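Each remark here refers to the structure printed beneath this line.
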Amino acid sequence: MRIFFFLKEGIVGLKRARLSAIIAITSFCVALTLIGIFSVAAINLKDTLFQFYREIEIETFLDPGLTPNQINNLQQQIQAFPEISRVIYVSREQALQEFQKVFGENLQAVLKENPLPASFRIVLGAGYSQPQYVEKVAARLNQLTGIQEVLYQKEIIQFLQKYLKLGISIGGIIAIFLLIIITVLVFNTIRLTIHARRNIIQIMKLVGATNQFIKGPFIYEGILQGLIGGILSVFLLWIIHYTVRYFVFAELAMENYIFGGLIALGILLGLIGSYLSVNKYLD
Amino acid sequence: MIEFFNVAVETQKRILLEQITLKIHKGEFVYLIGKTGAGKTTLLRLIYMDLFPTQGNVIVDRYSSSSIKNNQIPFLRRKVGVVFQDFKLLSDRNVYDNIAFALQVIGQKKKEIRSRVLSVLTQVGLNHKRYHMPELLSGGEKQRVGIARALVNEPFILLADEPTGNLDPDASRGILELLEKINQGGTAVCMATHNYDLIRLAPHRTVLLENGRIKKEISPENLPKIF
């Protein structure tokens, strides 16, 4: 009975103050869409980085004079590193074939000999695909006898290491800033819709409604505004995502929990915003 | 059942009421008269505890202004009906729903609401217009709806703040007759008014306020000598 009354009054309230309800829902929608875009950007960045780290390989070129036995020993030695999951031996002939595949040119025909050394392609274990481990492993590999050179994407790893933290901090600050602005904006529009109907609060107080009962319809209204704004923002975000995938970047990832999260955030903001605003009109 | 003990209400700028000692008995009809700004509305607000005295004490039923808790105020207001000059009806719902609203917000059951709203609508003579929207009603009818809403909780007192201030003489008389009828049913009425014609028509105990003080209390027998 009570809940139906709150819900009915909430809906009546939305209809009654149509303009301010539209403003509130629009601001919910815009705010949540912005948060959605930010989240999509964040997960895509995270995915890209993870992908990159997963693919970190260390190439170790071997001294030309090693016998197959020595090579075998070396491989076993490297395999024993706890950080390393796989060691793949690439012989000089395989290296030549790969080169030809990639560059389309027969090196041996040009140079009359195969200039490529044999190598190990080393893949790090799942927990160790991070810059600090890569550097350590590379340093240790360098000290082994029979190894001519250790190569990995040092510059990129160092660059990422340097700027990743900065990027995360800046992104975090922007996100917090965005959230604060959005919260203030949404709360103010909710306050506006409640202010437009202070007479109904006055009458409720006059006829002896408890504060709980006065808040009820407004809170339901706030939740409804948040819910509708959230659903609209999901549509909008879906359209934006679809468009970007279609025209710009086909790999753009999306997680379903972002959609759910936006709706949940809308409801939560609506709840808190209306609760705080209606409290202002109750002594 | 309503008692004022040496009550004063002061704001930072001025004194709204002072030295008010007054008793309103069960089932009584009292007029509050005085110029605009004399303190009539302030005095009524003290009764439904929309305002608290800065000095003294107001007792309403079993509640005291000095000790009532915030969460008790709604329960006091269910026993005190209030009617305003500007009716304060909700324009988005019809007559029936305006009155039912007063019961809905205190959590009454639907069946109970229906029977009480219909009963009070009959009492104010508006049963036939229960599905009309407020904007389609005359001033007098609007005020009847306001009175019905105030009565539907079966209060022991009805406070009326200039209830005829926006009405023509005929409608005003109609409202007064209705208030008299309600009073005869046992509900006390305290009415602030400027309209001395009405007081002549239905003489009752009259309290004259001037500059926030009670200047005079006039018994019904003495009224003809003054007006």
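Not measured: the values here are computed from a predicted model. Because only heavy atoms are used, hydrogens play no part in the values below, and waters and symmetry mates are left out as well, while side chains stay in.
Between chain A and the residues B/Lys79, B/Arg77, B/Arg93, the largest count of heavy-atom pairs under 4.5 Å involves B/Arg77. The candidate with the highest count of non-hydrogen atom pairs below 4.5 Å against chain A, out of B/Leu89, B/Asp92, B/Ile106, is B/Asp92.
Contact of the A/Phe213 side chain with the B/Gln104 side chain is not registered, since no non-hydrogen atoms from C-beta on lie closer than 4.5 Å.
For CZ of A/Phe235, the number of neighbouring non-hydrogen atoms (other residues, nucleotides, ligands) closer than 6.0 Å is 12 at most. In A/Gln212, the CD atom is not crowded: 12 or fewer heavy atoms of neighbouring residues, nucleotides or ligands sit closer than 6.0 Å. A/Asn256 CG: 12 or fewer foreign heavy atoms inside a 6.0 Å radius.
Within residues 138-165 of chain B, the residues having any heavy atom less than 4.5 Å from a heavy atom of chain A are, in residue-number order, B/Arg149, B/Asn153.
Here the NZ-CG distance, from A/Lys205 to B/Asp50, works out to 6.5 Å after rounding to the nearest 0.5 Å.
Applying the side chain to side chain donor-acceptor pair (under 3.5 Å) test to every pair with at least one member in residues 111-128 of chain B, sequence neighbours left out, gives these pairs: B/Glu112-B/Arg116, B/Thr122-B/Asn127, B/Asn127-B/Arg130.
Using a 4.5 Å cut-off between heavy atoms, A/Gln202 touches chain B through its side chain atoms alone.
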